[in-house]
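Notes follow once the structure below has been shown.
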Amino acid sequence: MAARPENPSCRSRTKCRKSCSIPRQPPQLVEASTMIIAHYAHRLPAQYDLDALRRRSKERAAVWDVAPELYFKAFLLRETGRFGAIANSFSSLYLWRQDKALRDWLMRGGYEVVTQSFGRAEIETFFALDAFRGRAGGARFLYRNDVAVRLDADLTAAFAAEVDLARTYATAPDVRAAIVGLDPRHWRFVRVVLSEAELDGSEFGAAYQIAHLSSPLLDTLPSG
């Protein structure tokens, strides 16, 4: 058998044998992660028993209170005639620490619990530009406000301004958390504020009553 050719860069036969015998390792891939917001909603009949949904939320809470990779999950209600709602709905809004966690939840069949009771709704997803914890000890309302990104906007400046606004919201005494996300398909920001007190809807958007808030990692967010 022909001898293995030596590496001309080696200074000695011994060194060459050592270096040439070591197999090259493939480069290590670093898995990127993105903090992600997910929200889905189900419209309900006018006579639907919303108290039953409040009980359901409390019953399901224990699972989500210890969920890994989850900053929070808000079990949400909108009730006709209250806080600006014109129809009943039940929804859930999540802030996951990384997109892989949302994927794993779906892959494990987590959403099937929802589909079995309410059917399959569209799941809106937004990657979070930033999120901040506030000073409030709890939250009774979640506000969501969708804002279009202007066609001629300086995107870098617009992103920075939205993050600064979320940080400012989080400094209010009644705010539990403030988050801003981006939908790059439709070029819109989604502003999310969790509040202990009722806020002015004209600034903060649609109001949802929080039936239960599971917040395993919320307190690890940076403060506003």
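Residue numbers start at 1 and run along the sequence shown.
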Where Ala211 and Lys58 come nearest, the two heavy atoms and their spacing: O-NZ, 3.2 Å
Go through it in stages, so that I can follow the logic: the residues are His42 and Val114, the test is side-chain contact (heavy atoms from CB on, under 4.5 Å), and I'd like the CA-CA distance, side-chain angles, deciding distance and then a yes or no. CA-CA 10 Å; His42 302 269; Val114 179; 3.3 Å; yes
Between Phe141 and Phe204, is a ring pair (Phe, Tyr, Trp, His ring centres under 6.0 Å) present by the stated rule, with each step listed? CA-CA 11 Å; Phe141 300 96; Phe204 292 96; over 10 Å; no
Is there side-chain contact between Leu44 and Leu53, with heavy atoms separated by less than 4.5 Å? yes
Run the numbers on Ile36 and Arg103 for side-chain contact (heavy atoms from CB on, under 4.5 Å), then give the verdict. CA-CA 11 Å; Ile36 193 166; Arg103 182 203 70 184; over 6 Å; no
From CG (Asp99) to OG1 (Thr34), nearest 0.5 Å: 4.5 Å
Can you name the residues that form a salt bridge (charged side-chain N to carboxylate O under 4.0 Å, His left out) with Arg150, not counting sequence neighbours? Asp152
Identify each donor-acceptor pair in which a side-chain atom of residues 68-78 lies under 3.5 Å from a protein atom, sequence neighbours left out, and give them as a table.
from  : atom 1 : to     : atom 2 : distance (Å)
Glu69 : OE1    : Arg97  : NE     : 3.0
Glu69 : OE1    : Arg97  : NH2    : 3.4
Glu69 : OE1    : Gln98  : NE2    : 3.0
Glu69 : OE2    : Arg97  : NH2    : 2.8
Lys73 : NZ     : Tyr94  : OH     : 3.2
Arg78 : NH1    : Ala207 : O      : 2.5

Atom CD in Gln209, atom CZ in Phe83: separation rounded to 0.5 Å? 5.0 Å
side-chain contact (heavy atoms from CB on, under 4.5 Å) assessment of Leu93 paired with Val192: CA-CA 10 Å; Leu93 189 144; Val192 177; 4.3 Å; yes
Could you work out, with side-chain contact (heavy atoms from CB on, under 4.5 Å) as the rule, every residue matching Ala46, not counting sequence neighbours? none
Test of understanding: with side-chain contact (heavy atoms from CB on, under 4.5 Å), list the residues that count as partners of Asp200, not counting sequence neighbours. Ser202
Are the side chain of Trp187 and the backbone of Pro184 linked by a donor-acceptor contact shorter than 3.5 Å? yes
Over 12 foreign heavy atoms within 6.0 Å of CZ, Arg120: no
Residues which pass salt bridge (charged side-chain N to carboxylate O under 4.0 Å, His left out) with Arg56, listed by chain and number, not counting sequence neighbours: none
Sequence neighbours left out, what passes salt bridge (charged side-chain N to carboxylate O under 4.0 Å, His left out) with Arg82? Give chain and number order. Glu79
Looking at residues at least two apart in the chain, or sitting in another chain, which of them share a side-chain hydrogen bond (donor to acceptor under 3.5 Å, both in side chains) with Asp104? Lys100
Check the hydrophobic clustering (I, L, V, M, F, W, Y; side-chain heavy atoms under 4.5 Å; chains of links allowed) and say if Leu50 and Phe118 are grouped together. yes
Test of understanding: clusters of I, L, V, M, F, W, Y form through side-chain heavy atoms closer than 4.5 Å, transitively. Do Leu102 and Ile123 belong to the same one? yes
Closest contact, heavy atoms only, Val149 versus Leu155: CG1-CD2, 3.8 Å
Are Tyr48 and Phe90 close enough that their ring centers fall under 6.0 Å? no
Once side-chain contact (heavy atoms from CB on, under 4.5 Å) is applied, do any residues pair with Thr80, and if so which ones, sequence neighbours excluded? Asn88
Establish whether Val175 and Tyr143 are linked, either directly or via other cluster members, by ILVMFWY side-chain heavy-atom contacts under 4.5 Å. yes
Pairing residues for Ala197 by the side-chain contact (heavy atoms from CB on, under 4.5 Å) criterion, not counting sequence neighbours: Asp174, Ser195
Minimal heavy-atom distance between Ala166 and Ala178, with the atoms involved, is O-CB, 3.3 Å
With sequence neighbours excluded, what pairs up with His212 under the side-chain hydrogen bond (donor to acceptor under 3.5 Å, both in side chains) test? Asp65, Ser214
Charged N to carboxylate O under 4.0 angstrom, Asp219 versus Arg176? yes
For Glu162, what residues pass the salt bridge (charged side-chain N to carboxylate O under 4.0 Å, His left out) criterion, not counting sequence neighbours? Arg191
Show me the donor-acceptor pairs within less than 3.5 Å that the side chains of residues 126-138 make with the rest of the protein, sequence neighbours left out.
from   : atom 1 : to     : atom 2 : distance (Å)
Arg133 : NH1    : Leu221 : O      : 2.3
Arg135 : NE     : Thr171 : O      : 3.3
Arg135 : NH2    : Thr171 : O      : 2.4

Quick check for you: to the nearest 0.5 Å, what is the distance between Arg144 atom CZ and Glu124 atom CD? 4.0 Å
So if you build clusters from Ile, Leu, Val, Met, Phe, Trp, Tyr with side-chain heavy-atom gaps below 4.5 Å, do Leu194 and Leu95 land together? yes
Transitively linked via ILVMFWY side-chain contacts under 4.5 Å: Leu182 with Leu165? no
For residues Ala139 and Glu196, report the shortest heavy-atom separation together with the two atoms involved. N-OE1, 3.5 Å
How close do Ala41 and Ala121 get, heavy atom to heavy atom, and via which atoms? O-CB, 3.5 Å
Tell me whether the centres of the aromatic rings in His39 and Tyr208 are closer together than 6.0 Å. yes
